[in-house]
Amino acid sequence: MENYKKTPLWDNSLEVEERLDYLVKALTLEEKIACLTTGCPDVERLGIKASYMGGEAAHGIEARHDQAFNRGEPEPTTSFTQPIGMSASFDRELIRECGRCVGEEARALYTRNGGGGLCRWAPTIDMERDPRWGRTEEAYGEDPYLSGEMSSAYIRGMRGNDPFYLRCGATLKHFYANNVEHDRISISSSLDGRNKYEYYLEPFRKAITEGGAEAVMTSYNEINGVPAIVNEEVQKILKDTWGLPGHVVCDGGDMQQTVYDHKYFKTHAETVAYGLKAGVDCFTDDKEVVMASAREALEKGMITEEDIDRSIRNSFRTRIHLGFFDGNGDCPYTGMGEEYINNEEHREICAKMAEESAVLLKNERQALPILPEKTESLALIGPLADVWYKDWYCGIPPYSVTVLDGMKKAYPDTKISCTSGLSDIYLVCGRKYVGLDAASRLILTERENAEVFTLTDWGTGCSTLIARSNGKYVTLEEGTYQIKADKEEAFSWFIRESWNFRQIKEGTEDGGTEGCGKTEANSKTAWYLDSWNGRQVAIDDNGYLAVIKTAEKANGEGGENEETACFLRNGEPAVFTMETVTDGISEAVKAAESAQRAVLVLGCNPVINSKEEIDRTTLELPPFQQRLADAVKAANPDTVVVLLSNYPYAINRLQEEMPAILWSASGSQELGTGIANILSGKTSPAGRLNMTWYKSDADLPDMNDYDIIKGKRTYQYFDREVLYPFGHGLSYTSFSYGKLTLEERADKIIARLPVTNTGSRTGDEVVQLYVHKQKSRVKQPVMQLKSFVRLNDLAPGETAEAELTVNREELRYYDVISGTMLLESGDYTFMAGASSGDIRQQAVIRLEGECAGKRSPWELTAADRYDDYENCFIHKGTDGYTCVIPGKAGDKPDEVLREENGPQPEKRKSVLIYRDFCFDRAPEKTAFILHALEDGKIKLTVTTEASEESVMDIPVKAGSGFEEIEAAAADFGRVEGNCTVTIETEGKIKLCRFCFR
């Protein structure tokens, strides 16, 4: 059809829904089914060209083309600071500018290549309640308000200012409660109403209703027992309540995982059917599998063509707003070209963000800045001093500035030495040394042919080895058992360049080992060596290093069998020792002693210890880095620390002993420029921490525990001393805060206060406004961030008025009685300060709102609407409700503990507390809807305001499913007025609802 542009699909004068009406009538059923993936096929008669939704853009456009589905030459793009760093700038306008750059480069690549990439899978706004989460680098911190504000600014930059057309659409990740990497494709997150609505959903609400996000990606996990891909809240909350304009896509491969890993359905057709009805529009799985599953779902009557039409409308609505069917040439973003890729403006914005996102954690006795004109010599020391590492979602930058690069530019007349502090070693096995053959395979040889390896110990059993002769990483070659030194970098989905040296304990008959944690070159220390996936290293018949079978299956080896297995079938683990060639710490000490000042650059590699699919096991700094810090500090007391990491560390020793510490996230191609400009004093730091930095692993509950209230997570509920509080960050100047005044308007509160630069340098100040509700029915946060402003370039003596706006709706809490968000009447304390731990001014205002109602004992009460609980988690119930199960989050919902022989284990118990039941008469009966997996009992206690108690013990027999259990309440005493109901269960009982009769 040559005149397709005359069809309604291409008619810009029509309403979008009219254009979509035409589209769903014009497409064949088979064409529609093909559009249920993230792509659409060529439909020549309609002028539709094949295109796809997706591509990453967390901190720049990811166009590496290094994965199986998009192999090709990398396309360099601007790489900004990681999101966890950008958010630390507390600068809405600057992060919006970063988003604009990303949107422009997405358009330029589309002009170059066509196909898609204009609705990117970013930003990630999962709430970072636990700093051990492997994907901490990708999101915006632990606070929902900050995450919502900063991600919304990034989104607005991506999408542009046109009222109709999108420069680049944003797809929010991952909906929702997605903070554990271990077993992430099968695990269930347990969430009650308060945590859900006050915390985990809040940044999504803001990013959609205020930021203008176009699309959403669902998460891998289950939410209260229901896989996210079939979670009805996708339709009910994202679309119906918040008005998401575009489409919803599932995470990669999740359609098939619903069968294989969640085991929720038996067929993919069920997943497609229930996913479509739940509101998911596009399935990011193998195209042929998706299409076949959709056909099966249609044939079996699970879905209708109208269900598919609804999905098509949503995904093509996004395409229309991207200008794919712009018949009149109205889209202002069409044809944006090469001039938008990493141009000078983008580089300048990138450098500014590298500066603004850095946080000065400590600065004792004005150890910083190190002024160039007063510094004759400088020793730059540490494993991150002269390296630049990629992270999993970054692109390929056209250039990268290491800390050394930046320092050379900032200190042109200063003598700068640089050493990594890493040791060079020989690996010795028996009387032989490890060398390289002509193909770079590791082989035992004589000493004169030994290879020198640079050893980096990243802690927790992760080390890398670089062969000095060719500068390449030692790796376990994919698909084989061969060990080679032929990788330019440690970077892939599986980090095959990571090795674990396990020290062999002395005096043990069985050759027991202890975990790696202090890998040092010592010829008397013996080690086993394990590959990244746990295979042990042995020596084959020809003297080559290879891995042997030490488990039935290892990570990353796929469906292995004896013919294709990636290991030697026979062999004993080799025992290695190390000989020092060059002692890295000794070299670092020499450098520190000979320099006027020393800068120690420590931190992480973004794909080792923590990344997608890998959670951290500890907050501790790698032991080697702490030993290096101790030695350098002893050699030069004027040592300052630069910490480059994408997550918090428990750096207690560094905080106690080092005079100054500067933190920055990685990722920026201008990383070294930003660090050097702050160290040299060209820029005064003003970044703020968007996560609490705890002192110890003991400060954190189990990672599977999503209840931030009960678990006392984040600055909102944590009640002990921390290393650095949320919002913390120092400056090279000082600021005073004047009186805080509050003005109430119809839908908001305006807070104002003067801020004065009382120091001697120009600088920025981030004014943070926190709120606490006094005398509440529920446990309220200690404080919650509700507004902030970054005051830029205040000169010494200058005063600026900070104006901060708080919307009344953001002061609401989730009422478990009504199941709605409500604003509670009463006094609210507004606190202005430089951090959550540095409050300078306070004011109280009384707000009129609502009062929580009373519970009716005669109506069914959902079990998860408790006011308090002990030892239970939430999972799937019946009739659309959840249930509450004894145990802890992460437990298997249907597992009953039994012993084959001997005494039976004690039955699990739980306690559920429900306040404010209003009885107008004594009950005659009580009823529970439950599923008992084993015999048990329920103890029901009703306590009046006068502390009188009525108690019932109700035996419960194991059943085959959910059923109603009714018991007489004849033994109840006088029950009247406002009461508290306590339900104690013993045994594996899934409680769904209850009532009195």
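As a basis for the values below, the full set of heavy atoms in this structure was taken, side chains included, without hydrogen atoms, waters or symmetry mates. The first residue of the sequence shown is numbered 1, and numbering continues consecutively from there.
For the pair Asn646 (side chain) and Ala665 (backbone), a donor-acceptor distance under 3.5 Å is absent. Using modelled atom types, no side-chain atom of Ser311 and backbone atom of Asp307 make a donor-acceptor pair closer than 3.5 Å. Arg120 contributes no side-chain N or O that, together with a main-chain N or O of Leu118, makes up a donor-acceptor pair within less than 3.5 Å. Using a distance-only test at 3.5 Å, with no hydrogens or angles considered, no donor-acceptor pair links the side chain of Arg45 to the main chain of Tyr4. When atom types are taken as modelled, the side chain of Asn343 and the backbone of His346 share a donor-acceptor pair closer than 3.5 angstrom. When atom types are taken as modelled, the side chain of Arg812 and the backbone of Glu809 share a donor-acceptor pair closer than 3.5 angstrom. In terms of modelled atom types and a separation under 3.5 Å, the side chain of Asp251 and the main chain of Asp254 share no donor-acceptor contact. At distances below 3.5 Å, at least one donor-acceptor pair connects side-chain atoms of Arg159 with backbone N or O atoms of Gly212. At least one donor-acceptor pair closer than 3.5 Å links the side chain of Arg167 to the backbone N or O of Gly157. Put simply, the side chain of Asn221 gets close to the backbone of Ala177: a donor and an acceptor are under 3.5 Å apart.
Legend: residues meeting ring-ring contact (aromatic ring centres under 6.0 Å, His included) with Tyr110, ordered by chain and number and at least two apart, are Phe324. With sequence neighbours excluded, the residues that form a ring-ring contact (aromatic ring centres under 6.0 Å, His included) with Phe164 are His321. The side chain to side chain contact (heavy atoms under 4.5 Å, CB included) check on Glu62 picks up Glu56, Arg64, Gln67, with sequence neighbours excluded. With sequence neighbours excluded, no residue satisfies ring-ring contact (aromatic ring centres under 6.0 Å, His included) with Tyr220.
In this structure, Lys173 satisfies the cation-pi test against Tyr393, with its NZ or CZ atom closer than 6.0 Å to the six-membered ring centre and inside 45 degrees of the ring normal. Cation-pi geometry between Arg92 and Phe788 is satisfied (NZ or CZ under 6.0 Å from the ring centre, within 45° of the ring normal). Relative to the ring axis of Phe316, Arg319 places its NZ or CZ within 45° and under 6.0 Å from the centre.
Atom CE of Met691 and atom CG of Leu146 lie 11.5 Å apart (nearest 0.5 Å). Distance check: Asp66 CG to Asn70 CG gives 7.0 Å after rounding to the nearest 0.5 Å. The distance from atom CE of Met158 to atom CD of Glu105, rounded to the nearest 0.5 Å, is 12.0 Å.
More than 12 heavy atoms of other residues, nucleotides or ligands shown are found within 6.0 angstrom of CD on Glu17. In this structure, Lys32 places its NZ atom where more than 12 heavy-atom neighbours from other residues, nucleotides or ligands lie under 6.0 Å away.
At a threshold of 4.5 Å between non-hydrogen side-chain atoms, the residues Lys611 and Val607 count as touching. Here the side chains of Ser89 and Arg688 are not in contact, with every heavy-atom distance at 4.5 Å or above.
Minimum interatomic distance between Ser219 and His174 (heavy atoms only, all atoms of both residues): CB-CB, 3.6 Å. Closest approach of Ser151 and Ala207 over heavy atoms only: OG-CB, 4.0 Å.
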For residues 79-86, please give each side-chain donor-acceptor pair under 3.5 Å, one per line with the distance, not counting sequence neighbours.
{"unit_1": "Ser79", "atom_1": "OG", "unit_2": "Gly667", "atom_2": "O", "d": "2.6"}
{"unit_1": "Gln82", "atom_1": "NE2", "unit_2": "Asp391", "atom_2": "OD2", "d": "3.0"}

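Remark: Glu75 engages Arg112 in a salt bridge, criterion side-chain N to carboxylate O under 4.0 Å.
Applying the side chain to side chain donor-acceptor pair (under 3.5 Å) rule to pairs touching residues 280-295 yields Glu30-Arg295, Lys239-Asp281, Gln256-Asp285, Asp281-Asn314, sequence neighbours excluded.
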